[in-house]
Amino acid sequence: DESVRALKLLRSTSGATGEHQLLASQLLLSVYGQNRDVEHFGEELAKLRATDQDAHFHNAAYWVLLFEASRPNVARHQAEDYWMKLVRDPVTSPRELAIVARAYDQIGLAQRAVDLFESFDEDYAASADYWAAYGSVLVDGEKWDALRVLALKIRNDGFSSRVLRAYSY
């Protein structure tokens, strides 16, 4: 694929370190992800991990790629191993939280997704993305009792009840 060759050329001419290297790696991950190229995605992610430049959403995307490539046990194992990194280095935005939690849900670790959402409910209560993604995971898992509790939280929270009131019924 021409886009991959162009990115590899950029990567090879930018030196072993620096902003260009990081940008090229991130672009390669995007291309590999779009092409569902799990092997090359994994190789590029390993390079970012080695320099501690990987992001939570990179890892989450890799788990989903592994899962979709009929490697669910590997995906789940990596996601479980990654849990402690999330505890030490938490997500920094509601969007990032939603991406990582949805990945846990997609690969069959729905309880991890719920645990992740619950650990941030006070931090991201003002985010519609947070509540919508959390509700979606609960619906997908058919966790109706938990969904009722979530609806009550939305109704009782000052900000979210104004923004999301219609979703709580």
Side-chain angles (χ1 to χ4, degrees), residues 22 25-26 29-30 32-34 36-38 41-169:
L22 177 59
S25 289
Q26 291 172 337
L29 286 178
S30 181
Y32 293 145
Q34 288 295 316
R36 316 315 285 165
D37 186 344
V38 68
F41 191 104
E43 291 169 8
E44 200 62 38
L45 180 59
K47 292 174 188 174
L48 287 176
R49 284 177 179 161
T51 58
D52 202 31
Q53 293 180 311
D54 60 311
H56 296 310
F57 64 88
H58 295 141
N59 289 278
Y62 187 50
W63 311 330
V64 173
L65 284 174
L66 285 167
F67 186 82
E68 291 173 349
S70 301
R71 295 168 60 189
N73 293 335
V74 175
R76 289 184 191 119
H77 179 74
Q78 287 207 10
E80 283 289 359
D81 285 350
Y82 196 79
W83 183 257
M84 287 312 296
K85 182 171 182 175
L86 281 170
V87 170
R88 287 188 315 272
D89 180 24
V91 297
T92 58
S93 72
R95 184 174 184 275
E96 186 178 40
L97 172 65
I99 290 168
V100 175
R102 283 186 180 130
Y104 272 110
D105 187 49
Q106 281 180 272
I107 66 170
L109 296 175
Q111 189 56 51
R112 282 290 191 206
V114 170
D115 293 344
L116 193 57
F117 279 119
E118 287 177 353
S119 66
F120 286 94
D121 66 352
E122 290 181 21
D123 297 331
Y124 298 134
S127 169
D129 288 342
Y130 166 82
W131 294 107
Y134 190 2
S136 176
V137 166
L138 294 176
V139 168
D140 290 348
E142 298 180 0
K143 296 180 182 282
W144 309 123
D145 290 336
L147 196 57
R148 278 190 275 284
V149 170
L150 181 65
L152 288 172
K153 280 184 182 179
I154 290 171
R155 283 185 215 145
N156 293 329
D157 180 80
F159 176 81
S160 61
S161 65
R162 287 190 303 276
V163 174
L164 296 170
R165 189 160 187 82
Y167 292 104
S168 68
Y169 290 94

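It should be emphasised that the depicted structure is a prediction, and the values quoted were computed from it without experimental measurement.
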Nearest-0.5 Å distance that lies between atom OG in Ser30 and atom NE2 in His58:
9.0 Å
Kindly determine whether Lys153 and Trp131 satisfy side chain to side chain contact (heavy atoms under 4.5 Å, CB included), including the steps that lead there.
CA-CA 10 Å; Lys153 280 184 182 179; Trp131 294 107; 4.0 Å; yes
In terms of the angle between their ring planes, are His56 and Tyr82 parallel, tilted or perpendicular, with boundaries placed at 30° and 60°?
perpendicular
Of Asp115, Val137, Leu109, which meets side chain to side chain contact (heavy atoms under 4.5 Å, CB included) against Tyr104?
Leu109
Separation between CE of Met84 and CG of Asp89, rounded to the nearest 0.5 Å:
12.0 Å
Taking the side chain as every heavy atom from C-beta outward, state whether Val74 and Tyr62 have any atom pair closer than 4.5 Å.
no
To the nearest 0.5 Å, what is the distance between CD on Glu118 and CG on Leu150?
9.5 Å
Just checking, is any N or O donor in the side chain of Asp81 or His77 under 3.5 Å from an acceptor N or O on the other one?
yes
For Trp63 and Ala103, work out which heavy atoms get closest and say how close.
CE3-CB, 4.0 Å
Nearest 0.5 angstrom please: Leu86 CG to Leu97 CG, how far?
9.0 Å
Looking at every heavy atom in both Arg76 and Ile107, which two are closest together, and how far apart are they?
NE-O, 2.6 Å
Using 0.5 Å steps for rounding, measure from the CZ atom of Arg102 to the CZ atom of Phe57.
15.0 Å
Does the Tyr130 side chain pair with the main chain of Phe117, one donor and one acceptor, at a distance under 3.5 Å?
yes
Just verifying a value: how many Å separate Ser136 OG and Asp105 CG, rounded to the nearest 0.5 Å?
7.5 Å
If the threshold is 4.0 Å, N to carboxylate O, is there a salt bridge linking Asp52 and Lys85?
yes
So, does Arg71 use its side chain to make a donor-acceptor pair with the main chain of Glu68 at under 3.5 Å?
no
Would Phe67 and Gln106 count as a side chain to side chain contact (heavy atoms under 4.5 Å, CB included) here? Give the steps.
CA-CA 8 Å; Phe67 186 82; Gln106 281 180 272; 5.8 Å; no
Shortest non-hydrogen pair, Tyr134 vs Val114, comes out as OH-CG1, 4.1 Å
Full working for side chain to side chain contact (heavy atoms under 4.5 Å, CB included) between Arg49 and Asn59
CA-CA 9 Å; Arg49 284 177 179 161; Asn59 289 278; 2.6 Å; yes
Could you walk me through whether Leu48 and Leu22 pass the side chain to side chain contact (heavy atoms under 4.5 Å, CB included) test, one step at a time?
CA-CA 8 Å; Leu48 287 176; Leu22 177 59; 3.6 Å; yes
If you measure from the Lys or Arg side-chain nitrogens to the Asp or Glu carboxylate oxygens, is any gap between Arg148 and Asp145 under 4.0 Å?
yes
